[in-house]
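Please read the structure below before turning to the comments.
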Protein chains: 2
Amino acid sequence: MHKPASDNAQDIHSSGLKATWPRIRILRLFQQTTQRHLSAEDVYRSLLADGEEIGLATIYRVLTQFEQARLLTRHYFESGKAVYELNEGQHHDHLVCMMCGRVEEFCDPEIERLQQQIAERRGFELREHALSLYGVCSNPACQAKARAESRG
Amino acid sequence: MHKPASDNAQDIHSSGLKATWPRIRILRLFQQTTQRHLSAEDVYRSLLADGEEIGLATIYRVLTQFEQARLLTRHYFESGKAVYELNEGQHHDHLVCMMCGRVEEFCDPEIERLQQQIAERRGFELREHALSLYGVCSNPACQAKARAESRG
DNA sequence: GTAGCTGCAAATACTTTGCATAGAT
DNA sequence: ATCTATGCAAAGTATTTGCAGCTAC
């Protein structure tokens, strides 16, 4: 049985999940989109725009399963709603623009080391962490918006 | 007009809010409780247990106002629901036990400095940040629970 | 063939809002 | 007296679940 080079069905299958069409499409979306961080609603609308009508309930279920299978990771970003991103093994943190919502990623080994040290010193066995920086990005539109808000 | 030494009505009043009974009780709860981080529901139940029946809607409104007035700060802690804590001016980050939910606070100037540096380097004007470490605390019950879970 | 998956609709959890009444200054 | 706050109930968003039919293996 031959499979296309970029077939993600294997990734799904090796997580103990059946390689169904909705799952293949959802995973592919994360692999191909330029917008790395997507909410359930974002996924629903993206697929719909692509001609795939997949029920929201299914999307929520699949995102949860993918997170448990460590294909995706989940974040909250102070927004009260979850966003997911492709888990590519390498840990990283986030820098979020409060004006346009753009998210950049970074990883600072020194910060990682200090975190580990802090946890140890307090008798915690560190399992994971979330560091998000919020600010205003270099886009002039964002800076203008920020000024307008502070006047507001 | 005299007021008791620890009267928090002033704090409320100087934020442009009327010093009403619900507000006084809610702020006092944060000032006196040992559990620093409370959700709206937590506040509702604490006050109820104390004989104060204050509507949930009011609690949500007051928490939002207090946050805007910078008397409280809000966090999400990856839980999908907001928790608030007293804002005592000094910034700090959080260390959360994934087993018992206990939250410790810490502040590491070196991490703060590195964050600032990372934001600058990418042209972001840093406004705020959230760093939460998740792990298992030193309580033996938590460690046992962690082992049980990993056995699945 | 069968265990596991999907869609739908209903349920749940958290939070916000409209409106009439009550309260603070 | 006036402007604001509260309580209730209803609406809104985000997410989960029960169930009957469909699909991958």
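By convention in this document, chain letters (A, B, ...) are assigned in the order of the sequence lines, proteins followed by strands, and residues within each chain are numbered from 1.
Rounded to whole Å, the distance from CD on B:Gln65 to P on C:dT15 is 16 Å. We find that NZ of A:Lys18 is positioned 11 Å from C1' of D:dC22, with the value rounded to whole Å. What separates CD1 of B:Ile59 from C1' of D:dA5 is a distance of 14 Å, to the nearest Å. Following rounding to the nearest Å, B:Leu48 (CG) and D:dG7 (P) show an atom-to-atom distance of 12 Å. One interatomic measurement links the two molecules: NE2 of B:His13 to P of C:dG23, which rounds to 18 Å at whole-angstrom precision. Distance B:Leu47 CG to D:dG7 P: 11 Å, rounded to the nearest Å. For the pair A:Ile12 CD1 and C:dC5 C1', the interatomic distance rounds to 13 Å; values are reported in whole Å. B:Tyr84 has its OH atom 9 Å from the C1' atom of C:dT15, to the nearest Å.
Toward the 5' end of DNA chain D, the nearer of the two residues A:Glu41 and A:Thr58, judged by each one's closest nucleotide, is A:Glu41. Between B:Ala82 and A:Gly55, the one whose closest nucleotide on DNA chain C sits nearer the 5' end is A:Gly55. Toward the 5' end of DNA chain C, the nearer of the two residues B:Leu56 and A:Thr20, judged by each one's closest nucleotide, is A:Thr20.
Across D:dA5, D:dC25, C:dT16, the shortest atom-to-atom separation from the side chain of B:Leu17 is found for D:dA5. Each of C:dT6, C:dT17, D:dA5 was ranked by its minimum atom distance to the side chain of B:Ala57; first place goes to C:dT17. Here the nucleotide nearest the side chain of A:Thr64, chosen from D:dT6, D:dT16, D:dA5, is D:dT16. For A:Tyr60, counting side-chain heavy atoms from C-beta on, the closest listed nucleotide (D:dT6, D:dT15, C:dT6) is D:dT15.
Here A:Glu53 lies in heavy-atom contact (under 4.0 Å) with sugar-phosphate atoms only. At a threshold of 4.0 angstrom between heavy atoms, the contacts of A:Arg61 include nucleobase atoms, whether or not backbone atoms are also involved. Heavy atoms of B:Lys81 sit under 4.0 angstrom from primed sugar atoms or phosphate atoms, though from no base atom.
Residues B:Met98 and B:Val83 fall within the same hydrophobic cluster, defined by Ile, Leu, Val, Met, Phe, Trp and Tyr side chains chained together at heavy-atom separations under 4.5 Å.
Exactly one of A:Tyr60, A:Tyr84, A:Phe30 qualifies for a side-chain contact (heavy atoms from CB on, under 4.5 Å) with A:Val43. That residue is A:Phe30.
Using a cutoff of 4.0 Å between basic side-chain nitrogens and carboxylate oxygens, A:Glu88 and A:Arg36 are scored as salt-bridged.
For the residue pair B:Glu112/B:Gln116, the side-chain donor-acceptor check at 3.5 Å is not satisfied.
A side-chain donor-acceptor contact under 3.5 Å links A:Arg23 to the backbone of A:Lys18.
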